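What follows is a single structure, written as structure tokens, with notes after it.
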Amino acid sequence: MTHRILILGGTTEARQLAGKLARRADFSITLSLAGRTESPVAQGVPVRVGGFGGADGLAAYLRQEKVDLLIDATHPYAARISANAAEAARQTGVPILALRRPGWEPGAGDRWTLVDSAAEAAS
Ligand SMILES: NC(=O)c1ccc[n+]([C@@H]2O[C@H](COP(=O)([O-])OP(=O)(O)OC[C@H]3O[C@@H](n4cnc5c(N)ncnc54)[C@H](OP(=O)(O)O)[C@@H]3O)[C@@H](O)[C@H]2O)c1
């Protein structure tokens with residue numbers, strides 16, 4: 001039996017994961033990109049491009065394509081698609097796995113300055 005996996009991508013990690021999963025004959029992988037990049041690097045698996053139309057649209061896609069597993073491997077700053085993915089998984093009962101980057105840990109030789117926002121970091 002083939003397991004249909006939808007990976008929400010746009011990150012190096014998503015592309016690497018897709019490449020590894022694509023080796024499995026029992027997995028059918030589709031990688032989804034938002035369409036922000038004009039010429040995205042080859043992802044190594046079938047790609048679909050563009051928004052789904054919110055959580056409801058993504059839920060409809062999951063049902064229509066009979067997706068067995070949803071993997072959220074989007075960028076940490078892409079908060080809306082992650083929220084939509086969680087909601088669509090809840091609506092459809094499709095299992096979801098979120099790939100999260102580990103936070104930075106202070107290491108020897110670092111010089112940390114803690115700030116409250118990206119704007120503060122920039123200034
Ligand atoms: N590699 C990087 O450095 C980097 C940095 C930032 C963002 N990104 C990637 O760029 C994409 C857009 O970022 P953002 O900040 O605009 O995200 P966002 O604010 O969370 O998403 C905005 C809308 O874009 C659509 N979308 C986002 N990711 C999608 C995906 N993988 N497949 C299909 N539709 C997607 C969704 O539209 P609908 O509601 O219509 O479905 C979503 O509601 C993300 O996929 C993210 O992983 C990569």
Side-chain angles (χ1 to χ4, degrees):
M1 187 186 139
T2 304
H3 299 279
R4 298 169 71 89
I5 302 176
L6 176 67
I7 303 176
L8 302 174
T11 58
T12 300
E13 291 93 330
R15 182 166 45 79
Q16 290 172 340
L17 178 67
K20 286 185 177 169
L21 295 181
R23 294 181 207 142
R24 291 269 303 252
D26 53 339
F27 290 166
S28 164
I29 313 291
T30 301
L31 192 130
S32 176
L33 297 176
R36 303 280 190 275
T37 308
E38 211 167 287
S39 309
V41 293
Q43 303 286 317
V45 295
V47 170
R48 66 156 301 286
V49 179
F52 297 94
D56 292 348
L58 178 53
Y61 179 95
L62 295 176
R63 287 194 189 98
Q64 187 187 314
E65 298 298 321
K66 298 185 170 37
V67 172
D68 298 301
L69 173 67
L70 176 62
I71 300 180
D72 173 12
T74 56
H75 192 269
Y77 279 8
R80 199 173 326 149
I81 186 70
S82 291
N84 289 351
E87 172 58 19
R90 193 193 63 75
Q91 279 184 29
T92 57
V94 171
I96 180 169
L97 189 152
L99 202 63
R100 295 284 180 248
R101 291 180 182 175
W104 284 350
E105 298 289 341
D110 287 359
R111 190 161 52 89
W112 287 70
T113 303
L114 298 180
V115 295
D116 287 329
S117 66
E120 207 182 317
S123 67

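Whatever order the structure lists them in is the order used to number ligands and atoms, beginning at 1. Hydrogens, waters and symmetry mates are skipped; everything else that's a heavy atom, side chains included, is used. What you are looking at is a predicted structure, and each value in this text was computed from that prediction instead of being measured.
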Near A79, which atoms of ligand 1 are under 4.0 Å from a heavy atom of that residue? 20 (O)
Nearest 0.5 Å, please: how far is CG in L31 from CG in L8? 8.5 Å
More than 12 heavy atoms of other residues, nucleotides or ligands under 6.0 Å from CH2 of W104: yes or no? no
To which protein heavy atom is atom 40 (O) of ligand 1 closest, and what is the distance rounded to 0.1 Å? G53 N, 2.9 Å
Do we see a donor-acceptor contact under 3.5 Å between the side chains of D26 and T2? no
Need the ligand 1 atom indices (1-based, order shown) with element for anything under 4.0 Å from a heavy-atom of T74. 45 (O), 47 (O)
Nearest heavy-atom contact between E13 and R101 is OE2-NE, 2.6 Å
Atom 30 (C) of ligand 1: of A34, S82, A88, the nearest heavy atom sits on A34
At a 4.0 Å cut-off, with the gap strictly under it, does some heavy atom of L58 reach an atom of ligand 1? no
Geometry only, no angles: is H75 polar-contacting ligand 1 at N/O separations under 3.5 Å? yes
Atom indices of ligand 1, in the order listed, that fall short of 4.0 Å to a heavy atom of G54: 38 (P), 39 (O), 40 (O), 41 (O)
Backbone N or O of G50 within a donor-acceptor pair of the R48 side chain at under 3.5 Å? yes
G51 heavy atoms, cut-off 4.0 Å: which ligand 1 atoms fall inside? 34 (N), 37 (O), 38 (P), 40 (O), 41 (O)
Do S32 and Y61 have side chains that get closer than 4.5 Å, going by heavy atoms? no
Donor-acceptor contact below 3.5 Å, side chain E120 vs main chain D116: yes
Heavy-atom contacts with G50 under 4.0 Å: which atoms of ligand 1 show up? List them by number with element. 33 (C), 34 (N)
Among all the protein's non-hydrogen atoms, which is closest to atom 17 (O) of ligand 1, and how far away is it? A78 CB, 3.3 Å
Within-cut-off N or O pair, G9 and ligand 1, under 3.5 Å: yes
Hey, does G57 sit under 4.0 Å from ligand 1 if you only count heavy atoms? no
What residue and atom, counting heavy atoms only, is the protein's closest point to atom 41 (O) of ligand 1, and at what distance? F52 N, 2.7 Å
With a 4.5 Å cut-off on side-chain heavy atoms, are I7 and I29 touching? yes
Any sub-3.5 Å donor-acceptor pair from D72's side-chain atoms to A85's backbone N or O? no
Any nitrogen or oxygen of T11, main chain or side chain, under 3.5 Å from a nitrogen or oxygen of ligand 1? no
Nearest protein heavy-atom contact for atom 9 (C) of ligand 1: which residue, which atom, what distance? G10 O, 3.8 Å
Check: V47 main-chain N/O paired with T30 side-chain donor or acceptor under 3.5 Å: no
Can you list the residues that meet the side chain to side chain contact (heavy atoms under 4.5 Å, CB included) rule with R80, with sequence neighbours excluded? N84
Judging by distance only, is a nitrogen or oxygen of R80 under 3.5 angstrom from one on ligand 1? yes
Just need the protein heavy atom nearest to atom 10 (O) of ligand 1, so name the residue and atom and give the distance. R36 CG, 4.5 Å
Looking at atom 36 (C) of ligand 1, what's its closest protein heavy atom, distance included? I81 CD1, 3.9 Å
For a 4.5 angstrom cut-off between non-hydrogen side-chain atoms, does I71 reach L6? no
Report, in ascending order of atom number, the atoms of ligand 1 lying under 4.0 Å from any heavy atom of S32. 30 (C), 31 (N), 32 (N), 33 (C)
For R48, counting its heavy atoms only, list the atoms of ligand 1 lying under 4.0 Å from any of them. 33 (C)
Which of the atoms in ligand 1, numbered in the order shown and given with their element, are less than 4.0 Å from a heavy-atom of N84? 39 (O), 43 (O)
Is the closest side-chain heavy-atom distance between S82 and R100 below 4.5 Å? yes
